[in-house]
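Presented below is the structure to which this report refers.
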Amino acid sequence: MLSHLRPALVSMGLFTVLLGLAYPLAVTGVAQAAFPNQANGSLIRDADGKVVGSALIGQVFAKPEYFHGRPSAAGAGYDASASSGSNMGPLNETLIARLKTDAAALRAENPGVAIPADAVTTSGSGLDPDISPANARFQAPRVAGARGVPEKDVTALIDAQVQQPLLGFIGQPRVNVLALNRALDARYPPLASQKDG
Amino acid sequence: MTWQGWAEIALTLSLAVAIGWPLGVFLSRVWNGEKTFLDPVMRPVEGLFYKACGVDPSKSQSWHAYALALLAFNLIGFVFVYAVLRLQGVLPLNPQGFPGLSGHLAFNTAISFITNTNWQSYAGETTMSTLSQMLVLTVQNFVSAATGATVAAALARAFVANRGEGVGNFWADLVRTTLYLLLPLAFVVAVVLAALGLPQTLAAGVTAHTLEGAEQKISLYAVASQEAIKMLGINGGGIFNANSAHPFENPTPLTNLITAISINTLGWAAFFAFGRTVLAKKDVRALVIAAFVLLFAGAVGVYATETQAPPAQVAAQVDTSANMEGKEVRFGAPATAAWVAMTTGASNGSVNGKHSSLMPLGGGIAMFLMQLGEILPGGIGSGVAIMVVMALLSVFVAGLMVGRTPEYLGKKVEAREIQFSILAVVIIPLSMLGFSGIAAVLPEALKGLMHSGPHGLSEILYAYVSGTANNGSAFAGLTANAPWWNVTLGIAMAMGRFMPIVAVLAIAGSLVTKPKLAPTAGTLPTDGGLFIGLLIGVILILGGLQFFPAMALGPIVEHFQALDAVAALR
């Protein structure tokens with residue numbers, strides 16, 4: 001055993017330098033040079049250069065004039081420094097009660113329309129940036145009303161934002177909520193800011 | 001279930017095998033010391049390793065020496081990881097300002113990463129500094145994978161030898177597997193993943209001001225470099241708590257496809273490398289078919305359970321076409337189902353959705369695939385090694401039936417091989433069921449549970465199954481960062497790793513001295529359908545039957561509760 005300790009110690013030292021420093025730093029160098037936007041978190045900035053979020057990370061939307069993301073179990077909701085799912089089992093009573101309450105609220109908002117599952121379930125990360133196209137269309141009447149624009153214009157905006165599965169079958173159709181809401185703000189400013197402007 | 005879902009699952013699983021084949025040919029060349037296209041770059045680095053370590057790579061070691069070298073290397077790795085994690089608070093490159101880890105958490109994490117398990121009792125973005133992620137966790141992602149591969153290399157040489165002595169040189173196998181296969185492949189995959197959106201920065205994060213005017217703190221790391229080897233090395237420990245469900249680890253269906261393939265492809269490569277080295281391609285093809293059939297059945301099973309009506313969605317009267325709790329919209333049921341099977345069939349343990357929120361039988365299948373001993377295709381090399389053990393047991397069972405001394409790949413299988421084969425696989429139920437049994441009645445352990453009833457039992461069982469099988473995924477409702485869980489899971493991981501490794505090396509040491517026999521009319525062919533059926537039978541009986549009572553009290557009873565609940569609501 002003792003005769004093996006020297007090669008163990010020395011090789012661990014060399015591996016640490018090669019794999020723990022040189023490798024990640026080399027990848028960092030390449031990524032920062034070639035893909036600086038992605039390497040720094042795909043950040044989105046407003047006209048003043050202020051960071052408004054990441055294109056890949058969901059954020060809290062609660063106002064009626066915005067499309068809402070899914071419920072989130074990350075921290076107090078979409079905490080991007082504490083990702084987490086609910087971990088609740090399929091028969092968890094808290095889970096069942098939560099879904100019932102959330103679904104009842106949605107049903108009151110848009111009666112008679114089927115509620116998509118992703119509108120009431122939490123994602124694995126708590127940071128899901130997407131909702132299903134059905135979920136977006138479900139929210140279209142509320143958003144259109146709050147912005148004072150015809151529903152079909154909002155629906156057209158959704159359709160333009162839908163990302164289809166790769167080659168038609170890899171992944172699911174989806175809409176990035178932050179991108180959709182930014183497109184909405186650009187095209188149909190909220191009623192409040194129209195008055196301001 | 002849709003045709004798109006079926007196509008996605010079939011494509012993902014098959015591509016991993018298809019890509020594993022050429023990589024396996026390459027890995028075999030690396031093990032044999034043959035010429036490769038990387039020689040001009042890597043030969044000098046390789047030589048530097050041997051010179052600094054004072055080892056002669058051409059000196060073939062006895063199985064004792066090989067095993068001792070392996071254990072010494074892992075011991076040093078454990079001490080180093082433990083020390084860095086304890087001292088994290090005073091070490092540099094800690095922009096997050098995180099303190100050192102507690103003793104029991106550092107113990108658990110160090111064993112977890114040297115054993116290729118990557119069970120995480122902590123949440124990455126609230127615990128680990130940038131330095132810890134790079135300097136100890138990334139390094140162990142490489143070398144623990146290479147350690148597993150050395151075992152298959154040694155076993156392959158034992159089958160090739162005709163009255164030989166040594167099983168190869170551990171240091172050469174370790175260094176060559178790392179330098180020629182893992183490092184270059186990880187570099188390429190890391191750059192591709194960075195291009196597709198994974199962050200790669202030394203900064204700790206940014207604060208965003210959201211559209212609704214709130215502040216959102218976004219954690220960042222050097223994600224791409226660690227993600228690549230986390231998947232390729234079949235490790236599975238995420239930078240972030242949410243692992244591969246986190247959009248920074250897995251932002252799109254394309255990154256999901258690439259990383260899912262990476263979970264399995266080097267496991268398959270080790271199968272093919274074993275076959276080429278032993279000159280037994282057809283026999284190894286039979287092993288691959290048996291493993292693939294079981295893995296595919298697992299993925300199909302999870303896809304079926306995740307498109308069942310979930311009780312909560314029935315109760316809330318929302319769409320019930322897929323169980324969406326714990327799943328990401330971009331992946332949905334099929335991509336999550338494929339991942340569940342691939343990550344538990346291999347000893348990866350990364351997750352792209354919450355296993356605890358799977359339907360009862362979906363979580364049950366995840367546990368079942370781990371209970372089979374991580375051979376579908378398992379870790380790099382460690383998977384094919386245990387699969388060969390299963391094959392030895394299969395020819396032994398067949399030999400008993402016809403009354404002949406069994407042979408496998410030209411070597412007589414006798415008492416010593418069977419004793420060590422049993423030793424290699426008996427640790428699995430012993431640790432999984434033993435620890436679960438104790439934890440189920442211990443108040444100290446039960447404090448960590450999120451659920452009571454069958455799902456609570458599943459949380460316990462899943463933890464010890466995952467730890468012993470060196471998988472690392474979890475029913476994460478369990479709060480495992482407590483002395484009882486950290487210490488016992490650490491012991492389970494170490495036993496589940498090193499006992500089978502030493503047993504397999506002992507088998508190699510026994511086989512290597514035997515003459516290589518030519519097949520005769522009385523030899524059971526081990527490359528045909530009959531053998532595949534026999535092998536699947538042995539795997540299912542060894543893995544399935546002994547766990548059935550425990551599974552009946554966990555996922556199976558919960559399944560009937562779920563059916564009942566849905567029926568009552570409708």
Side-chain angles (χ1 to χ4, degrees), chain A residues 1 4-5 7-12 14-16 19-20 24 27-28 30-31 35 38-42 50-54 56-57 59 63 80-81 83-85 87-91 95-96 99-100 103 115-118 120-121 123-125 127-130 132 166 169-172 174 181, chain B residues 4 7-8 52-53 55 68-69 72-73 76 125 134-135 138-139 142-143 171 190-191 194-195 197 199-201 206 208 210-211 216-220 222 225 240-242 245-247 251 253-254 310 312-313 315-316 318-319 324-326 328-330 332 353-354 356 359 451 455 476-477 562:
Chain A
M1 188 83 182
H4 297 300
L5 281 181
L9 207 62
V10 174
S11 62
M12 188 57 75
L14 290 176
F15 278 134
T16 301
L19 308 170
V27 177
T28 306
V30 172
F35 330 108
Q38 294 95 312
N40 293 308
S42 306
K50 203 174 64 177
V51 175
V52 298
S54 163
L56 302 178
I57 303 284
Q59 49 183 248
K63 295 181 181 169
S81 58
S83 62
S84 182
N87 287 312
M88 288 178 188
L91 288 165
L95 174 76
I96 294 174
L99 257 69
K100 278 180 162 172
I115 301 173
D118 66 295
V120 292
T121 49
S123 63
S125 62
L127 303 174
D128 198 335
D130 304 315
S132 65
L166 195 63
F169 69 98
I170 297 168
Q172 302 292 319
R174 61 201 192 277
N181 282 333
Chain B
Q4 288 95 338
E8 182 171 16
C53 295
V55 298
L68 282 176
F73 180 72
I76 295 293
E125 64 265 49
M134 282 170 37
L135 201 63
T138 300
V139 173
F142 279 98
V143 295
W171 303 109
V191 170
Q200 181 72 23
T201 167
V206 291
T210 69
L211 291 198
Q216 185 186 36
K217 197 167 160 280
I218 301 176
S219 292
L220 292 168
S225 56
F240 298 102
N241 185 42
H246 197 296
L254 182 58
Q313 287 168 226
V318 302
D319 174 56
M324 284 305 288
E325 183 69 19
E328 303 285 301
V329 164
R330 60 194 180 283
K354 284 291 166 200
S356 184
M359 293 294 285
H451 293 81
H455 204 76

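Sequence lines set the chain letters: A, B, ... in the order given, protein chains first and strands last, and positions in each chain run from 1. Being a predicted model, the structure only gives us computed values, none of them experimental. Hydrogens, waters and symmetry mates are skipped; everything else that's a heavy atom, side chains included, is used.
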Contact summary for [X] and [Y], nearest pair of heavy atoms:
X	Y	value
Ala562(B)	Leu91(A)	N-CD1, 3.8 Å
Ala316(B)	Ala103(A)	O-CB, 3.3 Å
Gly124(A)	Lys354(B)	O-CE, 3.4 Å
Ala194(B)	Phe35(A)	C-CD1, 4.0 Å
Leu127(A)	Pro247(B)	O-CG, 3.7 Å
Ala245(B)	Ser125(A)	O-CB, 3.4 Å

Counting only non-hydrogen atoms closer than 4.5 Å, does [X] touch chain A with its backbone (N, CA, C, O), its side chain (CB onward), both, or neither?
X	answer
His455(B)	side chain
Leu220(B)	side chain
Val191(B)	both
Gln216(B)	side chain

Looking only at heavy atoms and a cut-off of under 4.5 Å, which of [options] has the most pairs with chain A?
options	result
Gly332(B), Gly353(B), Gly197(B)	Gly197(B)
Ala476(B), Ala7(B), Pro310(B), Ala190(B)	Ala476(B)
Ala52(B), Cys53(B), Pro253(B)	Cys53(B)
Thr138(B), Leu254(B), Val206(B), Thr210(B)	Thr210(B)

Quick check against the 3.5 Å criterion: does [X] have a side-chain atom that pairs as donor or acceptor with the backbone of [Y]?
X	Y	result
Glu325(B)	Met88(A)	no
Gln172(A)	Val329(B)	no
Asn241(B)	Ser83(A)	yes
Ser356(B)	Asn87(A)	yes

Leading residue by heavy atom contact count with chain B [cutoff under 4.5 Å; candidates [options]]:
options	value
Pro116(A), Gly171(A), Pro90(A)	Pro90(A)
Ser132(A), Ser54(A), Gly20(A)	Gly20(A)
Asp128(A), Leu14(A), Leu99(A), Ile115(A)	Asp128(A)
Leu9(A), Val120(A), Val27(A)	Val27(A)

Side chain / backbone / both / neither for [X] at chain B, heavy atoms under 4.5 Å:
X	result
Phe169(A)	both
Lys63(A)	both
Val52(A)	both
Pro24(A)	both
Leu166(A)	side chain

With a 4.5 Å limit on heavy-atom distance, are the side chains of [X] and [Y] in contact?
X	Y	result
Phe73(B)	His4(A)	no
Leu135(B)	Thr16(A)	yes
Ile57(A)	His246(B)	yes

Please report the interatomic distance CD(Gln200(B)) to CG(Asn40(A)), rounded to the nearest 0.5 Å.
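Answer rounded to 0.5 Å: 10.0 Å.
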Please determine, by modelled atom types, if Gln313(B) and Thr121(A) share a side-chain donor-acceptor pair under 3.5 angstrom.
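There is no such pair (donor and acceptor under 3.5 Å, judged by atom type) between the side chains of Gln313(B) and Thr121(A).
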